[in-house]
Amino acid sequence: MAKIARVEAFVVSQALARSFHFSQWRYDRRTVCLVRVTTDDGRYGWGEGYGPAEVVRAGVEFFAPLIIGGDPLATGALWQTMQARGQDFARRGVLLAALSAIDVALWDLKGKLLGVPVHVLLGGKRREAVSVYATGLYFDDGPHLTERLAAEAVGYVEAGFRAVKMKVGLGVEADAANVRAVRTAIGGRAKLMIDSNHAFSLREALELVRGVQDCDISWFEEPLSPDDYEGYRELRARSSIPIAGGECEYGVAGFHQLFGARAVDIVQPDICACGGFTEVQRIAALARAHFVHLTPHCWGTGIGFAVGLHFISTVDMLPGRMNLPEPFLEMDRTENALRDELTVPRFQPVDGRVNVPVVPGLGIEIDPARLREFGANVS
Ligand code: CA
């Protein structure tokens, strides 16, 4: 039986041609920590962590010695070993992202070793293709932001997306004007979601809900601080717009707190941060018990997107009926060479859907030459 021989972390980075920002900070480049787990007979799997890449790398290096020599098929047992060593210091946060990156690589490896796609390991896919929504419509410093956002949204609709998510968080008045302009531009051709990245107080969030309640908004994402569970509960009770959140939440115990507060209608774990495939299965079970819809947060390379594809292909909406809407997967459309050029295949939507890989593991491959071009110290 093969044993785990190496756990390597690679930080890849690429400067953006044009910077953009959201309510919290500005992006001038994209940087991600990837993980490769290799067996003593030369088989390997890829993972990535969502979070500050250099910190994720340090976390991967912290966990790696704990699983060297271990059985790569024993994903749950290896997860427990790593989590037990980290929980005294980081029950939540970036150390969980490092654990997630290793866990995802182990699941890719496990699928390859057993000759089945990850969705088979997860219990089997419910659909051949996954509905994706376009994430874009960030802020820039140029003139005519509102017009630029409206034109960008129309571009996504014309590319076949049936749902589009835009940023809010500049301020209630400016946001309401931007949302209205985008809805007017796309008409009824696509769903529209808004995301403030926890920019607002409860009163501001309620004010924005009132300001855009006639714009047919499918969800209001991260309206409040992720620590404000009581605020979420009150906002959700008073908002005519469904409330989404959870990309800053970690581990099944963290999500238990979110669900216990009845904080969200839609929960958005990032599988590459919340604890990997091993933990998101537990989170999905908890979401199911609370009748909360799940749509993963996804903001990384093609590895992270493949992770979301496999997982959401296995998930159903609740409570269950004929002709249910399908769960969505987030598809970042901002400039990101790490997403577009590092992995093969390059995932592309057709009529707003992306086919689920059917080859063993995650179904992606990485070109070592491209890794080096993006700054990874890889042999
Ligand atoms: Ca978000």
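These numbers come from a predicted model, not from an experiment.
With hydrogens and angles ignored, the 3.5 Å screen pairs no side-chain donor or acceptor of Glu221 with any backbone N or O of Ala244. Judged purely by atom type and a 3.5 angstrom limit, Asp270 has no side-chain atom pairing as donor or acceptor with the backbone of Glu247. Remark: side-chain polar atoms of His310 are paired, donor with acceptor, to backbone N or O of His119 under 3.5 angstrom. The backbone N or O of Ser23 sits nowhere less than 3.5 Å from a side-chain atom of Asn197 that would complete a donor-acceptor pair. Listed for the Arg353 side chain is a donor-acceptor partner under 3.5 Å among the backbone atoms of Ala129.
With sequence neighbours excluded, no residue forms a ring-ring contact (aromatic ring centres under 6.0 Å, His included) with Tyr250. Every residue two or more places apart in sequence or in another chain was checked for a ring-ring contact (aromatic ring centres under 6.0 Å, His included) with His256, and none qualifies.
Contact record, Leu96 with Gly275: CD1-CA, 4.1 Å, taken as the closest heavy-atom pair. The heavy-atom pair separating Ala190 from Ala163 by the smallest distance is CB-N, 4.0 Å.
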*asked:* Run Trp299 and Phe305 through ring pair (Phe, Tyr, Trp, His ring centres under 6.0 Å) and show every step you take.
replied: CA-CA 8 Å; Trp299 179 258; Phe305 188 75; over 10 Å; no
*After noting the C-alpha distance and the side-chain angles of Lys191 and Arg162, does the key distance pass the side chain to side chain contact (heavy atoms under 4.5 Å, CB included) rule?*
CA-CA 6 Å; Lys191 293 181 184 297; Arg162 298 166 193 166; over 6 Å; no
*Derivation and outcome, side chain to side chain contact (heavy atoms under 4.5 Å, CB included), residues Arg238 and Val209*: CA-CA 9 Å; Arg238 295 172 66 181; Val209 166; over 6 Å; no
*Is there a side chain to side chain contact (heavy atoms under 4.5 Å, CB included) between Leu362 and Ile303 once you walk through the steps?*
CA-CA 8 Å; Leu362 287 172; Ile303 301 171; 4.0 Å; yes
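The pair Arg26-Asp141 meets the salt-bridge criterion, since a charged nitrogen lies less than 4.0 angstrom from a carboxylate oxygen.
With a 6.0 Å cutoff to the six-membered ring centre and a 45° limit on the axis angle, Arg236 does not count as a cation-pi contact of Trp219.
Atom OG1 of residue Thr301 and atom CD1 of residue Ile366 lie 6.0 Å apart, to the nearest 0.5 angstrom. Taking CZ of Arg183 as the reference point, atom CG of Asn178 lies at 14.5 Å (rounded to 0.5 Å). Interatomic distance, Arg339 CZ to Gln14 CD, rounded to the nearest 0.5 Å: 12.0 Å. Atom CG of residue Leu73 and atom CG of residue Leu106 lie 9.5 Å apart, to the nearest 0.5 angstrom.
Applying the salt bridge (Lys or Arg N to Asp or Glu O under 4.0 Å) test to every pair with at least one member in residues 31-51, sequence neighbours left out, gives these pairs: Glu8-Arg36.
Between His297 and Tyr50, the distance separating the two ring centers is shorter than 6.0 angstrom. For Phe311 and Trp107, the ring centers are positioned 6.0 Å apart or more.
With Phe20 as the partner, the ring-ring contact (aromatic ring centres under 6.0 Å, His included) test is satisfied by one option alone out of Tyr27, Trp25, Phe139: Tyr27.
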